[in-house]
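Report on the following structure.
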Amino acid sequence: MEKKFQIITIILFMVILCGVGLFTVLNGGKKYSVFEKRDLASFPKTNVKTITKAKFQSGLDSFLNDHVIFRDQCIYTTTIVDKMMGRAEKAGVYFGKDGYLIEKSIKAKPKKIKENVEYLSTFVNMASESMGSENVKVVLIPNKEYVLTDKMPKYAPVSNDNIKMKAMLWESLKDKNVLVDLTKSLKKHKDEYIYYKTDHHWTSLGAKYGYETMMDAMGEKKLQGEKSKVITDDFYGTTYNKIHYAPQKDLITKYDIKTAENSEVQCDDDTDITGIYYKKALKKEDKYEYFIGGNFGVINIHTGCTNGKTLLLIKDSFANCIVPFLTNNYENIVMVDPRYLGSSIMDTLTDIPKIDKMIVLFNEEKFMNNTDLWVLG
């Protein structure tokens, strides 16, 4: 009887193991994880070379890890267990105070930082000579960890790469007034909802404070008294997607700005996005795409402003929710994202009749690790 029980147990174990394996392989057709915002590993190539060099085995491990059945639920469960055990972080995400999830900074290679500073400073110095340095600004947005320091776990290390980078950039710029650091102005509002709790981006309120600091630096008139309203209270961002856990959801808000509501948008790949706000995104996983519909190489915006001014905005995704404010100051905004451009920015600039102002707006960490700034050359 005992022997029969052992045989049945072994058979059940093999059935479960084979079943999990079968479902994993069948699930292998999935190429992209919406939750984690990344491509999933594909099944490794099978040939003599990959097998003899152990590439097949490592590739198979990656494939199985990415496609195992109930993977998302497993990540959530292990995160809960880690938090209950008192651990301060999981998968590169700190469990911050007041429900904040704070991503660890990605360590930038000194060579890459130097290279990106050279690309940017060379381009900006050239633009300053051509347009006048008073019309050019480089604006750097700090990560949450540098502003919401009181939300960080005790003894959590904070990189100083961004400080070194800004010192290098400052030295490389011919006119030092071109550089605008938002750290101080954002720290003044650190007790307000200026960063999402489940996402790495700043909120519309944070972007508003950034906009005001930029306009002060450029001598431009700022918007005053605009009211905000909640667009959705059901937002889980990219930081949440790494660990599938968050104490609470985020809110996405917008400000009542007439020039933004009356704006027309045209993307370089003819994506069907007609206005500043992409309402279809509120039914999608990544609701941050509500602003401009996401990221594109070139976006041309004709705003509701009628002053004839054109702004060239070289940016990353942090700029998307600041654009509604900028529509108050510029009739035309040309947004260029180096990550999606694929060719020299000079090709884009030749198609712009005139440029009155230029703003380079990057998150500090994303700038240091950017691999596409060669397009500025």
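The shortest side-chain heavy-atom distance between H201 and S317 falls under the 4.5 Å cut-off. Using a 4.5 Å heavy-atom cutoff, the side chains of V136 and S133 are not in contact. The shortest side-chain heavy-atom distance between K254 and Y290 falls under the 4.5 Å cut-off. Under the 4.5 Å side-chain criterion, counting only non-hydrogen atoms from C-beta, P338 is in contact with F362.
Nearest heavy-atom pair across M218 and N135 is CE-O, 4.2 Å. Considering every non-hydrogen atom in both G210 and I322, the closest pair reads C-CD1, 4.2 Å. The minimum heavy-atom distance linking A246 with T198 is given by the pair CB-CG2, 3.6 Å. A pairwise comparison of heavy atoms in N177 and D175 identifies N-OD1, 2.9 Å as the closest pair. Heavy atoms only, all atoms of each residue included: I273 and G293 are closest at CD1-CA, 3.5 Å.
Between Y196 and Y288, the ring planes are perpendicular. Angles over 60° get that label, and only those under 30° would be called parallel. Relative ring orientation between Y240 and H244 is described as parallel, the plane-to-plane angle staying below 30° on a 0-90° scale split at 30° and 60°. Classified by interplanar angle (parallel below 30°, tilted 30° to 60°, perpendicular above 60°), the ring pair F95/Y245 is perpendicular.
Between K229 and D256 there is no salt bridge, since none of the side-chain N atoms of the basic residue sits less than 4.0 Å from a carboxylate O of the acidic one. A salt bridge does not link D233 with K249: none of the charged nitrogens is closer than 4.0 Å to a carboxylate oxygen. Taking the charged nitrogens against the carboxylate oxygens, E226 and K208 have no contact shorter than 4.0 Å, which rules out a salt bridge. With respect to the salt-bridge test (charged N to carboxylate O, under 4.0 angstrom), the residues E115 and K112 qualify.
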- Message: Test side chain to side chain donor-acceptor pair (under 3.5 Å) on E364 and Y146; report intermediate values, then the result.
- Response: CA-CA 11 Å; E364 293 174 352; Y146 300 111; 5.7 Å; no
- Message: Y330 vs E220, test: side-chain contact (heavy atoms from CB on, under 4.5 Å). Steps then yes/no.
- Response: CA-CA 10 Å; Y330 305 100; E220 297 268 11; 3.2 Å; yes
- Task: Check step by step if side-chain contact (heavy atoms from CB on, under 4.5 Å) holds for M346 and F123.
- Result: CA-CA 10 Å; M346 297 304 174; F123 177 77; 4.1 Å; yes
- Item | V138 and F367: CA distance, side-chain angles, deciding distance, side-chain contact (heavy atoms from CB on, under 4.5 Å) verdict | CA-CA 12 Å; V138 175; F367 167 71; over 6 Å; no
- Task: Begin with the C-alpha distance, continue with both residues' side-chain angles, and end with the deciding distance and a verdict on side-chain contact (heavy atoms from CB on, under 4.5 Å) for I301 and V265.
- Result: CA-CA 5 Å; I301 304 172; V265 176; 4.1 Å; yes
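There is a path of hydrophobic side-chain contacts, each under 4.5 Å, that joins V158 to L148. Cluster annotation: M168 is connected to V360 through the hydrophobic network of ILVMFWY side chains, with a link wherever side-chain heavy atoms come within less than 4.5 Å. Taking hydrophobic clusters as Ile, Leu, Val, Met, Phe, Trp and Tyr residues chained together by side-chain heavy-atom distances below 4.5 Å, L140 does not share a cluster with Y195. Taken together through direct or relayed side-chain contacts under 4.5 Å among Ile, Leu, Val, Met, Phe, Trp and Tyr, I352 and I333 form parts of separate hydrophobic clusters.
Under the side chain to side chain donor-acceptor pair (under 3.5 Å) test applied with T259, the options T303, T327, T306, N329 reduce to a single match, T327. Considering N320, V323, I257 in turn, V323 is the only one that fulfils the side chain to side chain contact (heavy atoms under 4.5 Å, CB included) rule with I276.
Proximity of a side-chain donor or acceptor of S344 to a complementary backbone N or O of G377 within less than 3.5 Å is detected. At distances below 3.5 Å, at least one donor-acceptor pair connects side-chain atoms of S121 with backbone N or O atoms of V117. Between the side chain of E289 and the backbone N or O of G294, no donor-acceptor pair lies under 3.5 Å. Judged by distance alone, the side chain of N116 and the main-chain N or O of L373 form no donor-acceptor pair under 3.5 Å. For the pair D337 (side chain) and F296 (backbone), a donor-acceptor distance under 3.5 Å is absent. Looking at K144, its side chain does come within 3.5 Å of a backbone N or O of L101 through a donor-acceptor pair. Between the side chain of K176 and the main chain of W170, a donor-acceptor pair closer than 3.5 Å is present. Looking only at distances, no side-chain donor or acceptor of N162 sits under 3.5 Å from a matching main-chain atom of M368. Panel note: side chain N160, backbone I163; no donor-acceptor pair is recorded below 3.5 Å.
If you take OG1 on T310 and NZ on K354, they are separated by 5.5 Å, rounding to the nearest 0.5 Å. Summarising the geometry, atom NE2 belonging to H302 is positioned 10.0 Å from atom CG belonging to N262; distances are rounded to the nearest 0.5 Å. In this structure, the separation between SG on C267 and CE on M335 is 9.5 Å, given to the nearest 0.5 Å. Here the CG atom belonging to L182 is positioned 4.5 Å from the OG atom belonging to S185, to the nearest 0.5 angstrom. Within the model, atoms NZ of K197 and CG of D98 stand 5.5 Å from one another, a figure rounded to the nearest 0.5 Å. The CD atom of E145 lies 3.0 Å from the OG atom of S105; values are rounded to the nearest 0.5 Å.
Y193 and D250 share a donor-acceptor pair across their side chains, judged by distance under 3.5 Å alone. Checked by atom type, the side-chain pair N332/N300 shows no donor-acceptor distance below 3.5 Å. Side-chain contact annotation: N295 with K315, donor-acceptor N/O pair under 3.5 Å present. Residues D181 and T183 bring a donor and an acceptor atom of their side chains to less than 3.5 Å of each other.
The environment of Q248 atom CD is dense: over 12 non-hydrogen atoms of other residues, nucleotides or ligands sit within 6.0 angstrom.
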